[in-house]
Amino acid sequence: MSANRIQHKVNHVALVVDCSGSMRPHQSQLVRVVDEFVAGLKAESDSLGHETRISLYSFDHKVENLVWDMDVKHLPSMRGLYAVKNGATALIEASLKSLDDLGHIWEEYGEHSFLQIVVTDGEENASGGDMRHDGDMTVLGPWLDRIAARMAGLPGHWTSAILVPNSLAKRTAQNYGFPAGNIAIWDADSQEGVEEAIGTVRAAATSFLRAREQGVRGTKNLFAVGQDISIDEVRANLEPIPANKYRLLKVDKEVEIRPFVESHPGVTYERGACYYQLGARAQVQPNKEVIVVEKDTDRAYTGDAARSLLFGTGIQGTVSVKAGNNPKLEVYVQSRSVNRKLKPKTRLLIML
């Protein structure tokens with residue numbers, strides 16, 4: 001290879017979506033929010049100067065490729081492509097097929113990364129086209145072995161993630177080999193849950209693309225935010241909050257937010273004036289403001305661009321996120337609750 005060749009970044013994203021019968025209530029909404037997800041990939045790729053290509057799969061007891069490795073700039077709407085069917089859930093087979101297909105992509109030129117995201121509202125019961133093996137380990141066993149081996153052998157520039165409907169399905173996904181930090185739970189029983197699921201996926205994909213700028217090609221902590229931004233980006237895009245307009249209070253034990261605030265002299269609890277430190281997974285609604293704080297100086301920054309900087313351009317709905325590991329910055333989320341439980345070893349920011 002020529003020493004002068006430009007190693008441009010190429011991202012291959014595979015979105016693998018359940019189309020079994022239980023997804024029927026979400027069909028039209030899912031088409032819209034997947035289109036929004038693709039629009040977000042395009043916007044972020046354009047801003048970063050990346051080439052991003054997307055493949056779309058749907059699956060019930062059969063797995064179907066709908067779009068193959070197409071530039072996101074040219075992808076048509078999912079309308080007319082995605083349709084719910086009446087079959088069962090070949091989750092393992094769909095996950096394996098999309099990984100195997102991506103493995104055929106030639107990587108000789110360019111700096112390639114691969115991101116697979118699976119969205120399901122159920123659990124495996126049909127891989128191999130056999131809809132009878134629900135719970136039958138003699139049939140499912142070989143499939144479990146195959147996916148565990150495939151996941152364990154993924155190269156470092158491959159990331160595989162999944163959205164599942166409950167904690168039991170999360171444990172099952174871990175048994176398949178999905179890293180715990182790449183598994184998120186979504187509410188598969190509500191229309192709002194679909195919005196949140198795709199918002200979560202979109203924020204994760206944005207974080208993934210931005211991390212590529214720092215040389216990260218794969219991650220086992222996809223559904224986290226804040227780890228990919230720098231102090232320089234914060235200072236350039238957000239507005240500093242005057243030091244006399246807020247206070248930071250250390251939380252030593254689990255406690256409700258209102259009595260905690262009122263236990264400190266000089267401050268009173270006001271709904272919307274408190275911001276909890278993002279740690280474990282939390283739902284961040286579209287009307288919640290966010291603040292970024294420098295750890296070394298306790299300088300705080302906010303503004304209209306804060307959500308876009310953290311979650312991605314154009315994300316309007318609720319996102320389910322947790323804090324990434326950033327040695328320089330902390331993320332704070334607005335709370336309007338009087339009884340939110342604050343976690344020990346965190347801080348609370350109060351606007352004065």
Side-chain angles (χ1 to χ4, degrees), residues 9-15 33-34 36-54 72 111-119 156-163 178-186 196-234 236-238 277-284 286 288 290-292 301 305-333:
K9 293 178 174 62
V10 187
N11 310 300
H12 304 274
V13 179
L15 186 61
V33 293
V34 169
E36 291 177 1
F37 165 69
V38 172
L41 282 179
K42 178 183 180 299
E44 201 65 42
S45 297
D46 283 348
S47 69
L48 296 171
H50 292 191
E51 178 183 352
T52 298
R53 311 186 69 83
I54 189 165
V72 290
E111 184 186 288
H112 297 256
S113 282
F114 296 82
L115 172 62
Q116 175 205 55
I117 302 177
V118 183
V119 181
H157 63 299
W158 285 62
T159 298
S160 186
I162 188 169
L163 269 70
F178 288 94
N182 289 357
I183 306 171
I185 295 174
W186 69 291
E196 179 188 328
I198 298 300
T200 300
V201 168
R202 186 165 167 178
T206 295
S207 178
F208 177 84
L209 294 182
R210 291 177 179 173
R212 295 275 275 120
E213 289 297 290
Q214 301 176 20
V216 177
R217 297 180 66 192
T219 179
K220 294 186 178 180
N221 199 28
L222 182 68
F223 295 117
V225 298
Q227 75 267 32
D228 56 323
I229 58 174
S230 67
I231 289 178
D232 288 343
E233 287 177 295
V234 170
N237 291 281
L238 305 186
Q277 184 180 342
L278 183 63
R281 186 164 303 281
Q283 292 181 328
V284 183
K288 298 294 180 65
V290 293
I291 293 175
V292 180
Y301 301 81
R307 287 181 65 97
S308 294
L309 184 63
L310 287 168
F311 309 140
T313 306
I315 296 179
Q316 304 296 330
T318 298
V319 292
S320 176
V321 293
K322 62 181 179 180
N325 181 24
N326 191 317
K328 299 292 185 180
L329 300 168
E330 295 171 339
V331 177
Y332 290 78
V333 179

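Throughout, numbering of the chain's residues begins at 1 and tracks the sequence.
The line from CD1 of Ile117 to CG of Asn182 is 9.0 Å long, rounded to the nearest 0.5 Å. Here OG of Ser45 is found 5.0 Å from CG of Leu209. Values are rounded to the nearest 0.5 Å. Between Leu310 atom CG and Ile229 atom CD1 the span is 4.5 Å, to the nearest 0.5 Å. Summarising the geometry, atom OG belonging to Ser207 is positioned 14.5 Å from atom CZ belonging to Arg202; distances are rounded to the nearest 0.5 Å. Atom-to-atom distance recorded for Phe178:CZ and Ile162:CD1 is 4.0 Å, nearest 0.5 angstrom. Considering CG of Leu41 and CG of Leu15, their distance stands at 9.0 Å, rounded to 0.5 Å.
The main-chain N or O of Ala305 is never found under 3.5 Å from a side-chain atom of Ser308 such that the two would form a donor-acceptor pair. At least one donor-acceptor pair under 3.5 Å links the side chain of Arg307 to the backbone N or O of Lys288.
Partners of Ile185 according to the side-chain contact (heavy atoms from CB on, under 4.5 Å) rule, which considers only residues two or more places apart in sequence or in another chain, are Val164, Ser167, Lys170. When the side-chain hydrogen bond (donor to acceptor under 3.5 Å, both in side chains) test is applied to Asn221, the partners found at least two apart in sequence or on another chain are Lys322. Judged as a side-chain contact (heavy atoms from CB on, under 4.5 Å), and not counting sequence neighbours, Ala39 has no contacts. Contacts of Ala211 classified as side-chain contact (heavy atoms from CB on, under 4.5 Å), with partners at least two apart in sequence or in another chain: Val216, Asp228. Looking at residues two or more places apart in sequence or on another chain, you find no side-chain hydrogen bond (donor to acceptor under 3.5 Å, both in side chains) involving Asn237. Every side-chain hydrogen bond (donor to acceptor under 3.5 Å, both in side chains) that Glu36 has, sequence neighbours left out, goes to Arg32. Considering only residues two or more places apart in sequence or on other chains, Gln116 meets the side-chain hydrogen bond (donor to acceptor under 3.5 Å, both in side chains) condition with Ser98, Ser160. Not counting sequence neighbours, the partners of Lys9 by the side-chain contact (heavy atoms from CB on, under 4.5 Å) test are His50, Glu111, Arg212, Glu213. Remark: Phe114 pairs with His12, His157, Trp158 by the ring pair (Phe, Tyr, Trp, His ring centres under 6.0 Å) rule, at least two apart or across chains.
Closest approach of Pro327 to Asn325, counting heavy atoms only: CD-O, 3.9 Å. Residues Val290 and Ala306 share a closest heavy-atom pair of CG2-CB, 3.5 Å.
Counting heavy atoms from C-beta outward, Leu115 and Asn11 have side chains that stay 4.5 Å or more apart. Counting heavy atoms from C-beta on, the side chains of Phe208 and Val13 never come closer than 4.5 Å. Using a 4.5 Å heavy-atom threshold, the side chains of Tyr301 and Leu309 count as separate.
Within 6.0 Å of the NZ atom in Lys328, the count of heavy atoms belonging to other residues, nucleotides or ligands does not exceed 12.
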